[in-house]
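In what follows, a structure is listed as structure tokens, so that the remarks can point back to it.
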Number of protein chains: 2
Amino acid sequence: MKILVIEDDRTTGNYVAEGLREEGHTVDLMTDGKDALLQASTTDYDILIVDRMLPGLDGVSVVKTMRGAKNQTPVLFLTSLGGVDDRIEGLNAGGDDYLVKPFAFGELSARVAALARRPRATQDEIVLRAGDLEMDLMRRKVTRGGQHIDLLPREFALLEHLLRRKGRVQTRTMLLEAVWDISFDPQTNVVETHISRLRAKVDRPFETELIKTVRGSGYRIEE
Amino acid sequence: MKILVIEDDRTTGNYVAEGLREEGHTVDLMTDGKDALLQASTTDYDILIVDRMLPGLDGVSVVKTMRGAKNQTPVLFLTSLGGVDDRIEGLNAGGDDYLVKPFAFGELSARVAALARRPRATQDEIVLRAGDLEMDLMRRKVTRGGQHIDLLPREFALLEHLLRRKGRVQTRTMLLEAVWDISFDPQTNVVETHISRLRAKVDRPFETELIKTVRGSGYRIEE
DNA sequence: CTTCGATGACAAGAATTTTCATAATGCACT
DNA sequence: AGTGCATTATGAAAATTCTTGTCATCGAAG
């Protein structure tokens, strides 16, 4: 698998590139938008991983230009937690998925694998559903039964993760890693707290509960 | 001019209704979404002023339903400063303009007059431009030369106001009133500070400066 | 050279997230 | 079924982070 990483921050860039190399991929790393655009146009990559914020030409512009030139390489955007508009823009510009920084490497790895599997199937994971609950990643908007639900950034990220793995149980550890990027087990119950708040917004006002507790393991959203 | 105000908060509701009456308009005030929908469908209004957050049926749903029923009455949404998604949603649902709370009454009055003048011309003031600077009110996104610019809520409001009055000088007092809803002149230099921060993001990284100082009066954005 | 505006640093205030303490619930075992 | 232990739920307080406003100082314009 040939991957181009476009990321100006050296630390993150190397972290990503090294990790992917260890998984056996061929990885190029570029730090400047303009150079990257040239590189992406002249070499054939399987996947592009692009930081949303770049000096010079920013990530969104790079992808827009590429798409304009009929380059269909799947793109995974890296954005920051608060940046709502970023995601909207990224996906609008022709991104296929995005990942919120900071992220656990396993998460990145999973997204890369998913993108590789469906080389050009943009637009299908962009609205996540479970029952009458809808999460529109484009607009960063959640509704249930047509009713708008306001979520804080972390709540959104947690719900998103559960929805992406709908039907499968997620342990606290898995959630801590994916949503909080904490890979040891600190004495914390953040997960419980956030699940509780999520339920108050997503489940309590409605008939059926979507977020189930699996005693002894973790949580799951029903198919 | 016959106006329906849909606002659950009594204080704001009365403030708006009273003010508009003093300007000679006929104003009805409703506090519940469902009642308001019925009222709007059975009576012919020139303008609807709708709070985004309503108990029961929220503002966006009211307007969506109305629009579904081919009711083309212009709608002005009232939203809160932080609520990004609100505005996007509001305009998407068929709103014609929006106003951020808290607002100065003069501002409301101006918007109402503008809506009255162009009864059905939605979608034209929704992207504000000046040179290569674009402000998309729908997506709450600012770009210059294609480059995305992140603005904080107050910065966005300030720039929006200047753009809406492009070419005209805005005094500090006018800005304080419109953007901060402060109608006396306190010993403050918030305007200067925010102009400075805005310039750092909007002008400094680019060739030409758009935000001009008019010494002795205030600020202006060039046509 | 005097006044007005620009700006960086700091402080206040809000919003968000995490921790902590306590209550509630489920499950195993009598 | 009842009791006790362990797990999960939740409200409130504390900590953190982000945003906004103030102040003091610097620079530019007339």
Side-chain angles (χ1 to χ4, degrees), chain A residues 80-86 100-102 140 150-159 161-162 169-176 179-182 184-205 209-220, chain B residues 53 80-86 100-102 140 149-159 161-162 169-176 179-182 184-205 209-220:
Chain A
S80 52
L81 183 61
V84 174
D85 298 352
D86 284 15
V100 172
K101 288 196 282 191
R140 194 172 189 284
D150 262 323
L151 296 182
L152 298 177
R154 193 124 258 159
E155 294 165 357
F156 189 92
L158 175 58
L159 182 60
H161 186 87
L162 288 169
V169 177
Q170 293 302 107
T171 64
R172 270 157 259 276
T173 311
M174 290 162 88
L175 292 169
L176 277 174
V179 180
W180 280 264
D181 192 23
I182 292 173
F184 46 98
D185 179 346
Q187 278 325 121
T188 178
N189 76 333
V190 243
V191 177
E192 277 94 334
T193 305
H194 274 85
I195 287 283
S196 167
R197 286 210 281 255
L198 209 45
R199 279 172 166 156
K201 294 182 177 180
V202 167
D203 274 343
R204 212 137 65 207
E209 72 166 354
L210 290 169
I211 305 170
K212 307 262 171 158
T213 302
V214 181
R215 197 147 229 280
S217 327
Y219 303 92
R220 175 181 52 196
Chain B
M53 297 297 255
S80 52
L81 186 59
V84 175
D85 298 352
D86 283 14
V100 172
K101 289 196 282 191
R140 196 174 186 281
I149 298 174
D150 262 324
L151 295 182
L152 298 177
R154 192 123 261 160
E155 293 164 357
F156 189 93
L158 175 58
L159 182 60
H161 186 86
L162 288 169
V169 177
Q170 293 303 107
T171 64
R172 271 158 259 277
T173 311
M174 289 162 88
L175 292 170
L176 277 174
V179 180
W180 278 264
D181 192 24
I182 291 173
F184 47 98
D185 178 346
Q187 277 328 118
T188 179
N189 75 333
V190 242
V191 178
E192 277 95 334
T193 305
H194 278 260
I195 287 283
S196 168
R197 288 208 274 250
L198 209 44
R199 278 172 167 156
K201 293 182 177 180
V202 167
D203 274 342
R204 215 143 58 210
E209 71 166 354
L210 290 169
I211 305 171
K212 306 263 172 158
T213 302
V214 181
R215 208 181 162 84
S217 327
Y219 302 93
R220 175 181 52 198

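The sequence lines fix the lettering, A, B, ..., with proteins before strands; numbering per chain opens at 1.
- Counting to the nearest Å, the P atom of dG5(C) and the CG atom of L198(B) are 17 Å from each other.
- Summarising the geometry, the separation between CG on D203(A) and C1' on dT8(D) is reported as 15 Å, rounded to the nearest angstrom.
- For W180(A), a side-chain nitrogen or oxygen approaches OP1 or OP2 of dT18(C) to under 4.0 Å.
- In summary, the side chains of T213(A) and R199(A) do present a donor paired with an acceptor at a separation below 3.5 Å, with no hydrogens or angles considered.
- Between R154(A) atom CZ and dT19(C) atom C1' the separation is 14 Å, expressed in whole Å.
- Contacts of H194(A) classified as ring-ring contact (aromatic ring centres under 6.0 Å, His included), with partners at least two apart in sequence or in another chain: W180(A).
- Partner of V191(B) under the side chain to side chain contact (heavy atoms under 4.5 Å, CB included) criterion, out of T173(B), V179(B), L175(B), T171(B): L175(B) alone.
- Atom-to-atom, CD of E192(A) to P of dT17(C) comes out at 17 Å; the value is rounded to the nearest Å.
- Contact of the Y219(A) side chain with the E192(A) side chain is registered, since non-hydrogen atoms from C-beta on lie closer than 4.5 Å.
- Side-chain atoms of R197(A) and base atoms of dG11(D) include no donor and acceptor less than 3.5 Å apart.
- Between L151(A) and L198(A), the closest side-chain pair of non-hydrogen atoms falls below 4.5 Å.
- Rounded to a whole Å, the OH atom of Y219(A) is 12 Å from the C1' atom of dT25(C).
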Self-check item: Letter per nucleotide, 5' to 3', of nucleotides 23-30 of chain D [B base touched, S only sugar-phosphate touched, - untouched; heavy atoms, 4.0 Å]
Solution: BB----B-
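- We find that CG of L176(B) is positioned 12 Å from C1' of dG21(D), with the value rounded to whole Å.
- A heavy-atom distance below 4.5 Å is found between the side chains of L152(B) and K201(B).
- With the nearest nucleotide of DNA chain D identified for both S196(A) and V190(B), S196(A) has the one nearer the 5' end.
- For L152(B) and dG13(C), the CG to C1' distance is 15 Å, given to the nearest whole Å.
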